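These notes concern the structure reproduced below.
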Amino acid sequence: MNQHTRHPLTTHPLRKTILATALASAIALSGYISRSADAPAADQTTMEEQVLARSSADRLRQDRLTTATQKSRSEGEPDLAPVESVSVPMTVTVLNDAEVKSLATANKRTVERKMMAPQALMATGYTQPADPVVGEQYADLAENTIKQVSSDPVSTFSIDVDTGAYSNVRRMLEDGLLPPANAVRVEEMINYFDYGYEPPRGGTAPFNVITELAENPWRDNSMLLHIGLKGQVVDHSERPASNLVFLIDVSGSMQSADKLSLLKPAMKMLSGQLSEQDRVSIVVYAGAAGEVLTPTPGNDQRRIGEALDRLAAGGSTNGGAGIELAYTLARDAHIDGGINRVILATDGDFNVGNYDIDALKTLIESQRDSGIELTTLGFGTGNYSDSMMEQLANIGNGNYFYIDSMNEARKVLVEDINATLQTIASDVKIQVEFNPEVVREYRLIGYENRALRREDFNNDKIDAGEIGAGHTVTALYELTLTDQPGMIDPLRYGSEATDQRRSDRGSSTELAFLKLRYKPVGQRSSELISTPILLSSAANNLSRTSEAFRFSAAVAGFGQRLRGSDYLTDFDYKDVLILARNARGDDPHGYRSEFLQLVELAATLDNSTISLSQRQ
């Protein structure tokens, strides 16, 4: 264990200052966003005055924290985990009193939890619960294995831009729980981050393709192939008109601060990004389904907000009837050439009433084919069904997100709003053919439930993932080259390559051949992009790779470590931290800094040791 003496957080001199600041923030927030419906307009301060007042209060609180920190250091007290600042767009969302109180309670708990350094957490006598996810549902996920190029040279899979697994894992870690292996989908953890890829410039392709090759940080005598896609960036002013149906679960299971009470302000935040040309409808379901809001202009935030304010949780769950009614409204308000999407917000405790689950999937598929897509937003804990949320989004040509905080809601529904709503390419598939003269073995990191058969690549009837405007997609392959010792022994009988096959492979300077298929929006036939990956492109040292390469590798290593992968050998949390810190780069919203804290927290929960000298 760490030899440095750590004070339990309960005795740390900064605790009172931090918790007092958190309480002051909650009180200030309450005064900032809570307005009485009965208050006369003359008594309301202007938005500019509120913003300026809160900005001044924030500076005062920061000054107090800085002073307390300096005093603590002068007295020889150890630091708490650093807190990164997060920039938030200057958008005011008006909440009612009940929402303010509920969020203040939830946020106070989150602040207390995030302020606690990993060592301090253990010093309080914390022990991990025996079963952290009783009642939660995760699909079985067997990790990809190593493939021999001599017998299986082609890898084919569908892209995946979901991020729900990352925020769900974050929720568990911040609650002091190590996630179950099946909750950790490594590709969703990798794709949570933007890697700064260059968008396409000119041409007709909706995305740009990036490849990079260097040594594998978690296994000697192997390489890591990094493949990145960057979707075309679309300005907010160029986004087509949206026809959105909010399908909201108001069953009894949604009655908690991290469910309906978080969902309502999150959906208000989304409506704040819409314009007069957009349309919003609201359907709710519990024991039965009902229409709460007929199609309403997107900029009518008062009417949308009032409809959300009226929602209350209670009753059983009949999701099937809700989805059918939501699609009916979406069809009635359909916008030709626009964005037509149902947004399902629920804890995933989703029974389908009189519907068979296969019949429900058929309904979603038929509506997908008619141009109405489905996005799922997950909320809450305890009875959460991650498997259902991901499955429905996949079938509905949408994305799956897990909303564990208002900051995550802001990321998904404000910062990434164009990517969340606007699809720029559908049924995107990746196929990599490895050159057996150069590559002995390969393993795809993640994408286990996105695997396709080789023949599916050219079959336009096979469904695959979608890319939204500005989306980034990243895939990593672990490779063993022919001059490196493999993990699998070669066959005793039979040649791994005949002279005839060798003559047809092309130049040995090619490591692999990368192909992508996609359907432009509104088209039923796919188009092909292909490019060779040259062995000469490999960086001769990991330090010479891009920040994107190194940070994505760190995230991949972390995800595999949480899953208990058999392929990491000695690559531990400390190695993840070293790799990620050196590739943190520009971090305007603090997501990468937060990742570092999650790694430290997981290490502590997993009884690993990270000394204070290794913290930055």
Side-chain angles (χ1 to χ4, degrees), residues 161-162 206 231-232 234-248 267 270-285 289 291-300 303-304 307 319-346 360-377 389 391-401 412-413 416-428 463-471 518-524:
V161 293
D162 294 347
Q232 181 180 5
V234 177
D235 189 79
H236 287 277
S237 62
E238 299 175 355
R239 189 176 69 222
S242 299
N243 163 36
L244 305 179
V245 180
F246 298 170
L247 175 56
I248 299 176
M267 302 309 272
L270 170 57
S271 68
Q273 308 308 307
L274 304 178
S275 66
E276 185 179 5
Q277 68 172 348
D278 302 315
R279 293 292 179 269
V280 172
S281 309
I282 300 178
V283 171
V284 298
Y285 65 91
E291 181 180 341
V292 173
L293 183 69
T294 57
T296 299
N299 64 342
D300 193 347
R303 188 177 174 197
I304 296 171
I323 284 184
E324 184 175 40
L325 179 56
Y327 277 125
T328 298
L329 278 181
R331 287 194 303 270
D332 292 344
H334 189 276
I335 299 176
D336 293 335
I339 298 168
N340 297 279
R341 186 177 296 270
V342 173
I343 300 177
L344 170 62
T346 175
L360 182 63
K361 292 178 181 178
T362 300
L363 170 65
I364 295 173
E365 287 175 355
S366 67
Q367 297 303 315
R368 173 193 74 197
D369 294 339
S370 69
I372 302 175
E373 299 173 321
L374 174 69
T375 289
T376 59
L377 305 179
M389 298 296 287
Q391 187 178 176
L392 293 181
N394 291 346
I395 296 171
N397 273 11
N399 306 129
Y400 158 50
F401 306 98
V412 172
L413 304 176
D416 297 336
I417 184 66
N418 284 353
T420 300
L421 294 183
Q422 184 176 355
T423 299
I424 60 171
S426 61
D427 291 341
V428 183
D463 185 51
E466 281 62 46
I467 290 182
H471 255 150
Y518 70 94
K519 294 176 184 174
V521 175
Q523 293 189 20
R524 294 185 177 274

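Every heavy atom of this structure was used, including side-chain atoms; hydrogens, water molecules and symmetry mates were not. Everything quoted here is computed from the prediction, not taken from an experiment.
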Hey, does [Y] have a side-chain heavy atom less than 4.5 Å from the side chain of [X]?
X	Y	value
Met389	Thr346	yes
Asp463	Arg368	yes
Arg331	Ile372	yes
Ile417	His236	yes

Among residues at least two apart in sequence or on other chains, which ones pass ring-ring contact (aromatic ring centres under 6.0 Å, His included) with Tyr327? none
Please step through side-chain contact (heavy atoms from CB on, under 4.5 Å) for the pair Gln277 and Ile335, ending with a clear verdict. CA-CA 10 Å; Gln277 68 172 348; Ile335 299 176; over 6 Å; no
With sequence neighbours left out, write down each residue that passes side-chain hydrogen bond (donor to acceptor under 3.5 Å, both in side chains) with Gln422, or none if nothing qualifies. none
Using every non-hydrogen atom in the two residues, find where [X] and [Y] come nearest and quote the distance to one decimal.
X	Y	value
Ser281	Thr294	OG-C, 4.0 Å
Pro240	Gly338	CB-CA, 4.1 Å
Ala333	Pro295	CB-CG, 3.9 Å
Val234	Ala469	CG2-CB, 3.7 Å
Tyr285	Gly322	CB-CA, 4.0 Å

Inter-residue atom distance [X].[atom1] - [Y].[atom2], 0.5 Å rounding:
X	Y	atom1	atom2	answer
Lys361	Ile395	NZ	CD1	5.0 Å
Arg303	Thr296	CZ	OG1	3.5 Å
Leu377	Leu270	CG	CG	8.5 Å
Leu244	Ile343	CG	CD1	5.0 Å
Asp162	Thr375	CG	OG1	9.0 Å
Asp332	His334	CG	NE2	11.5 Å

Report yes or no: do Arg341 and Ser242 form a side-chain donor-acceptor pair below 3.5 Å? no
Checking [X] side chain against [Y] main chain: does a donor-acceptor pair fall under 3.5 Å?
X	Y	result
Asp278	Ser275	yes
Thr376	Ala393	no
Glu466	Asp427	yes

Go through Phe401 and Thr420 one step at a time and tell me if the side-chain contact (heavy atoms from CB on, under 4.5 Å) criterion holds. CA-CA 10 Å; Phe401 306 98; Thr420 300; 3.9 Å; yes
Out of Leu374, Ile282, Val284, Leu344, which one pairs with Leu247 under the side-chain contact (heavy atoms from CB on, under 4.5 Å) rule? Leu344
Step by step, work out the side-chain contact (heavy atoms from CB on, under 4.5 Å) result for Arg239 and Leu274. CA-CA 10 Å; Arg239 189 176 69 222; Leu274 304 178; 4.1 Å; yes
Step by step, work out the side-chain contact (heavy atoms from CB on, under 4.5 Å) result for Val342 and Ile323. CA-CA 8 Å; Val342 173; Ile323 284 184; over 6 Å; no
